[in-house]
Amino acid sequence: MGRSRNTRRRPAAAVVEEPVDGGTARLVPDPDRGRAWTLLIDGAPQSHVDLDDPAHLSFEYQRRLGHVIDLVAPPGRPVHAVHLGGGAFTLARYVAATRPRSTQQVVERDARLVDLVRRELPLDPNARVRVRAVDARAGLAKVPDGWADLVVADVFGGARTPAHLTSTEFLDEVRRALKPSGVYAANLADGPPLAHLRGQIATAAARFGELALIADAAVLRGKRFGNAILVAADAPLPLADLTRRAASDPHPGRVEHGRQLTDFTGGALPVTDETAVASPAPPPSVFG
């Protein structure tokens with residue numbers, strides 16, 4: 001009897017490693033998912049992508065951003081989205097899979113990383129995703145006024161958010177690009193004493209009427225370094241739904257908002273272009 005093609009074992013995928021503008025990129029195959037990969041830059045995990053199931057979000061912070069996307073528009077309804085920081089285009093793939101016919105722009109300044117991801121983890125040719133290999137703030141400036149339903153900021157260079165993406169002037173550009181009903185979401189990373197995170201909340205509060213923060217309780221208490229998702233809008237946020245979704249994750253998150261979030265800032269002042277600094281570098285133990 002001839003052996004069916006379906007019984008042949010797929011050859012094990014090999015790690016792909018090559019230099020990019022931001023360091024050394026590694027694409028590591030996921031042993032538990034057939035066509036899934038983790039992208040690392042200089043050893044720091046950046047993205048996880050499943051080419052067979054782009055709606056699968058493996059990383060904790062990406063699941064939380066996925067919750068925000070799901071609350072911007074119901075599944076199936078197309079959106080206009082801007083992704084500042086491309087990584088492996090994980091969230092753009094998620095939007096394309098869950099909201100077909102969406103129109104998206106990805107802004108990733110690392111041109112060699114863009115080339116690597118396009119080659120090894122190609123986008124669905126039917127997805128309406130345009131990728132610009134320019135600085136995030138410069139790319140945002142090209143977005144038409146009031147175009148975006150969603151702007152996601154997930155930009156790290158050397159595991160730190162660049163200073164010019166932390167200021168009120170930067171958020172002025174975000175608000176200009178958003179529709180009145182639009183939502184801004186940012187992946188922030190900080191550890192004790194949480195000065196960067198407090199300053200970013202104060203900065204967003206100076207430009208948006210509604211705020212929420214999703215994070216682990218240990219991060220919010222300043223017990224460890226970690227990620228927090230800042231959500232900002234001028235229209236009311238669906239806080240009850242966001243809280244329920246975050247609490248149901250494999251690693252449950254807390255949602256802070258209102259007076260509690262204001263108190264959390266501890267009197268921190270908004271950051272301007274003149275006072276901005278990059279986010280703190282994570283301690284070596286975070287990735288090791």
Side-chain angles (χ1 to χ4, degrees), residues 15 17 19-28 30 37-49 57-66 68 83-91 107-110 113 116-117 135-137 152-167 170 185-204 213-231 246 249-256 264-266 268 271 275-288:
V15 172
E17 179 174 312
V20 294
D21 298 336
T24 299
R26 299 182 78 230
L27 288 173
V28 180
D30 184 335
W37 302 77
T38 298
L39 167 68
L40 301 96
I41 305 292
D42 287 343
Q46 302 289 323
S47 305
H48 180 278
V49 168
L57 298 176
S58 177
F59 285 6
E60 176 184 285
Y61 86 88
Q62 290 181 330
R63 281 197 303 273
R64 291 171 180 169
L65 286 169
V68 177
H83 303 270
L84 304 178
F89 313 154
T90 302
L91 292 171
V107 183
E108 169 57 63
R109 71 175 300 169
D110 193 327
L113 176 60
L116 170 65
V117 172
D135 173 79
R137 194 152 155 182
V152 177
D154 183 18
V155 185
F156 289 87
R160 304 177 71 184
T161 301
H164 69 298
L165 305 181
T166 66
S167 67
F170 166 67
N187 179 28
L188 308 175
D190 199 8
L194 299 177
H196 174 71
L197 183 58
R198 297 181 203 277
Q200 287 303 284
I201 297 166
T203 304
L213 187 75
I214 316 170
D216 286 352
V219 173
L220 292 173
R221 291 197 299 265
K223 298 295 186 182
R224 68 172 180 86
F225 194 98
N227 295 83
I229 303 302
L230 177 62
V231 187
D249 277 339
H251 299 284
R254 277 173 47 186
V255 176
E256 298 287 357
F264 176 79
T265 65
V271 175
T275 61
V277 296
S279 68
S285 59
V286 169
F287 303 126

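Everything numeric here is computed off the predicted structure, so don't read it as measured data.
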Using a 3.5 Å distance criterion without hydrogens, assess whether the side chain of Q46 forms a donor-acceptor pair with backbone atoms of A88.
no
Would you call T38 and F59 a side-chain contact if the rule is heavy atoms closer than 4.5 Å?
yes
If only atom types and distance count, is the side chain of R198 paired as donor or acceptor with the main-chain N or O of F264 below 3.5 Å?
yes
Check: D42 side chain, G23 main-chain N or O, donor-acceptor pair, under 3.5 Å
no
Evaluate the side-chain proximity of L57 to T90: yes if any heavy-atom separation is below 4.5 Å, no if none is.
yes
Ring pair (Phe, Tyr, Trp, His ring centres under 6.0 Å) partners of H48, counting only residues at least two apart
H56
Report, as yes or no, whether the 6.0 Å neighbourhood of atom CZ on R137 holds more than 12 heavy atoms from other residues, nucleotides or ligands.
yes
Show me, pair by pair, the donor-acceptor contacts under 3.5 angstrom made by side chains of residues 154-163, not counting sequence neighbours?
| residue | atom | partner | partner atom | Å |
| --- | --- | --- | --- | --- |
| D154 | OD1 | N187 | ND2 | 2.9 |
| D154 | OD2 | Y61 | OH | 3.0 |
| R160 | NE | S279 | O | 2.5 |
| R160 | NH2 | S279 | O | 3.2 |
| T161 | OG1 | V155 | O | 3.3 |

Nearest-0.5 Å distance, CG of residue L220 to CD1 of residue I214:
11.0 Å
Distance-only, no hydrogens or angles: does the R26 side chain make a donor-acceptor pair with backbone N or O of L39 under 3.5 Å?
no
In sequence, state the C-alpha distance, the side-chain angles, and the governing distance for V271 and F170, and then conclude on side chain to side chain contact (heavy atoms under 4.5 Å, CB included).
CA-CA 10 Å; V271 175; F170 166 67; over 6 Å; no
Using only atom types and a distance under 3.5 Å, with no angle test, would you say the side chain of D30 pairs donor to acceptor with the backbone of W37?
no
L84 side chain reached by L165 side chain, heavy atoms, under 4.5 Å:
no
